[in-house]
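Numbers restart at 1 for each chain; the letters A, B, ... are given by sequence-line order, proteins then strands.
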There are 2 protein chains.
Amino acid sequence: MRSAEFDKEHVLRQAMRTFMQYGYSKTSMQKLTEATGLHPGSIYCAFKNKKGLLLASVEQYQKDKNEQFEQLFAQHQNVRSALEIFLQDIVQPYASNEATKVCLLTRTLSEIDGQDDEVTQVLSNNLCAFEQALQNVLSKAHHCGEIGSTPSAKERAQFLVMGIYGLRTYASTSNDQQALVRLSKQLLEHVLQ
Amino acid sequence: MRSAEFDKEHVLRQAMRTFMQYGYSKTSMQKLTEATGLHPGSIYCAFKNKKGLLLASVEQYQKDKNEQFEQLFAQHQNVRSALEIFLQDIVQPYASNEATKVCLLTRTLSEIDGQDDEVTQVLSNNLCAFEQALQNVLSKAHHCGEIGSTPSAKERAQFLVMGIYGLRTYASTSNDQQALVRLSKQLLEHVLQ
DNA sequence: GTGTATCTTGAACGTACATTCAAAATTAAC
DNA sequence: GTTAATTTTGAATGTACGTTCAAGATACAC
C-alpha cells in the first residue's frame, strides 16, 4: 500500500487556473506538470489523461463556485444586495490582471464546442445548474416580496445569465471598468424590476 | 507575369467558415487546404502563414458584416424594425446546425486572449467598430424621435452589445429556441425603452 | 515562338505535443 | 527488516502540426 502524495484539491485548482489562462488546447501537458508539480506519469495515473484532468478540474471549479454562491446568499437577507455583490465579484477581476477573469465553463465550452460530446455535455449541465441556482434565488426573492410574479423567476434567471455571459465577453474586449460597473448595475435593475 | 488563379474572396469565406467551426488552433493547415482548395505553398505565398490567413479572413468577415449591416439599416425607416431583424438574424442560426452560428471575432478573441497582441488588437478594434456602428444607429433613432436622450446612445449601444454577446453564449449552451427569441425581444425592449 | 517572371505543387522538415512505460523510490503491513 | 504493493520519475515514442522549398506548370511580354 501507498497513498498518493499530492493534495488533489490543490492540484485541481492549479490545473483549472492554467486551463482558464491558456484555454484547453494551448494548455500543454508541460504547462500542467509545471503548474501542478506533478510528473506526466502521475497525472495519467490519477486522471487518465489531459481530458480527465480537465473534467476533474471542472468538477472542482463547480464545487468551489457553488460553495461561494451558497455562502453569499446565506449571508444576505435580501436577494438584491447578494446579487449586487455577486455581479460586482464578476466584474471586479477585470480591473486587475488576474487569470481568474474568465469562466472555466464558458471558455472551455466555446473552445471545445462540437468537438467532444462528453465535455460539452458536462459543461452544459453545469451551466444549466448555475441558471437553476439563480432561478431558485429569484424565486425566493419573489416569495419574500422583493419582486413581482412577472416576468417569472425562470425568465428573469435566463436574462440574468445572458447578461452575465455578455458582461464577461464585453469585459474581454474593453478596458472601460466604469462601463462594466454601469452595465452590471443596469442589468440587475432590469432583472429585479 | 502571371496573376493568382484563385478567387480571394471565396478563399477567405471558406477559411473564415473553417475558423468559426473549429476555432483557430484546431483549424489545421490541412483543414484549410481542403476548405480553400489551395495547397499549403499557395497559402503561405498569398497570406504569409496561418495567422496571416486568419487576419485576412477577419478583414473579409468584417467587410461582409458591415455591408449586411449598412444594407439592413438603409432598408428600414425606423431603427426598431431594423434592430428586430438584426437580432433575429443573430438568433436564427442556432435553430439549424449552421457553422456560421458563432461570431468569428468573439470566438477567436476568447481563444487567443493574451497570447497574441496583434490579433487581439485587430479583433478588439473590429468589435469596437461594431459597437460604434450600433451607437450611430441609436443616435439616429434619438434624432428621429424614436427614443429619448437618456440613457445616451453610447450607454444603450454598450448594453445592446453586451446583450448580443450574452445571447450568443447563451445560445451555445441551450437548445431552447423559444427562450432565445424571448431574450432577444426583451433585450431590444430594454435598449429602446 | 521564346523567354521570363510568377504561381502551383506536394513531398519533406523540424518541432511540439499527448501519451506510454519500465525502472526507481516510497510506503505500509507483518 | 523484509516483502509486497503502489506511486513517482522522466526519458522515449509516435503522431500531428506549421512551415519550407525546389521542381514543375503556366501565363504574359515581345
Side-chain angles (χ1 to χ4, degrees), chain A residues 1-12 14-58 104 107-108 111-112 114-120 122, chain B residues 1-12 14-58 104 107-108 111-112 114-120 122:
Chain A
M1 279 305 160
R2 187 185 166 196
S3 51
E5 286 176 3
F6 59 88
D7 176 356
K8 198 167 178 178
E9 287 201 356
H10 179 253
V11 161
L12 289 178
Q14 292 306 116
M16 76 172 76
R17 167 188 286 275
T18 312
F19 283 130
M20 282 190 275
Q21 182 168 2
Y22 300 104
Y24 181 66
S25 63
K26 279 285 177 184
T27 296
S28 61
M29 284 304 295
Q30 192 183 340
K31 281 205 183 92
L32 287 169
T33 60
E34 287 163 9
T36 61
L38 265 51
H39 289 250
S42 298
I43 292 180
Y44 281 83
C45 177
F47 305 104
K48 189 175 180 199
N49 52 25
K50 186 180 163 186
K51 176 178 155 183
L53 179 53
L54 173 74
L55 290 173
S57 301
V58 165
L104 178 62
R107 155 132 218 201
T108 309
E111 185 182 336
I112 227 73
Q115 287 170 40
D116 187 307
D117 288 345
E118 186 188 0
V119 176
T120 300
V122 168
Chain B
M1 280 307 159
R2 189 185 164 198
S3 52
E5 285 176 1
F6 60 87
D7 177 355
K8 199 166 176 179
E9 287 201 356
H10 179 252
V11 161
L12 290 179
Q14 292 306 115
M16 75 172 77
R17 167 187 288 274
T18 312
F19 282 129
M20 282 189 277
Q21 183 168 2
Y22 299 105
Y24 181 67
S25 64
K26 278 285 178 186
T27 297
S28 61
M29 284 305 294
Q30 193 183 338
K31 282 203 183 92
L32 286 169
T33 60
E34 286 163 9
T36 61
L38 263 51
H39 290 250
S42 299
I43 292 180
Y44 280 82
C45 177
F47 304 103
K48 189 175 180 200
N49 53 24
K50 185 181 164 186
K51 177 177 154 183
L53 179 54
L54 173 74
L55 290 173
S57 301
V58 166
L104 177 62
R107 156 133 217 201
T108 309
E111 184 181 337
I112 227 73
Q115 289 171 40
D116 186 308
D117 289 344
E118 186 188 359
V119 176
T120 300
V122 168

In whole angstrom, what separates L38(B)'s CG from dT19(D)'s P?
-> 15 Å
Rounded to whole angstroms, how far apart are CG on L32(A) and P on dA18(C)?
-> 8 Å
Quickly work out the D116(A) CG to dA18(C) C1' distance and round it to whole Å.
-> 15 Å
S42(A) side-chain N/O to dT8(D) phosphate OP1/OP2 under 4.0 Å = yes
In whole angstroms, the gap separating C1' of dA25(D) from NE2 of H39(B) amounts to 12 Å
How long is the gap from CZ on F47(A) to CG on L32(A), to the nearest 0.5 Å?
-> 10.5 Å
Can you give each donor-acceptor pair under 3.5 Å made by side-chain atoms of residues 50-58 of chain B, sequence neighbours left out, with the distance rounded to 0.1 Å?
unit_1: K50(B); atom_1: NZ; unit_2: Y24(B); atom_2: O; d: 3.0
unit_1: K50(B); atom_1: NZ; unit_2: T27(B); atom_2: O; d: 2.9
unit_1: K51(B); atom_1: NZ; unit_2: D116(B); atom_2: OD1; d: 3.4
unit_1: K51(B); atom_1: NZ; unit_2: D116(B); atom_2: OD2; d: 3.0
unit_1: K51(B); atom_1: NZ; unit_2: E118(B); atom_2: OE1; d: 2.9
unit_1: S57(B); atom_1: OG; unit_2: L53(B); atom_2: O; d: 2.7

Sequence neighbours excluded, every pair satisfying side chain to side chain donor-acceptor pair (under 3.5 Å) that has a member inside residues 31-43 of chain A = Q30(A)-E34(A)
Rounding to a whole Å, what distance do you find between F47(A):CZ and dT7(D):P?
-> 12 Å
First locate atom CG of L38(A), then atom CE of M29(A), and finally report the distance between them rounded to the nearest 0.5 Å.
-> 9.0 Å
Got a donor-acceptor contact below 3.5 angstrom from the R17(B) side chain to the L12(B) backbone?
-> no
Looking only at non-hydrogen atoms, find the nearest pair between Q21(B) and R107(B) and report the distance.
-> O-NH1, 3.5 Å
Can you check the I43(A) CD1 to dC21(C) P distance for me, whole Å?
-> 17 Å
Protein-nucleotide distance (D7(A), atom CG; dT7(D), atom C1'), rounded to Å | 17 Å
Taking protein heavy atoms under 4.0 Å as touching, what does nucleotides 12-18 of chain D look like 5' to 3' if B marks base contact, S marks sugar-phosphate-only contact and - marks none?
-> -----SS
If you find the nucleotide of DNA chain C closest to G41(A) and the one closest to G41(B), which residue's nucleotide is nearer the 5' end?
-> G41(B)
Nucleotide nearest C45(A) (side chain, heavy atoms from C-beta), chosen from dT7(D), dT20(D), dT20(C) = dT7(D)
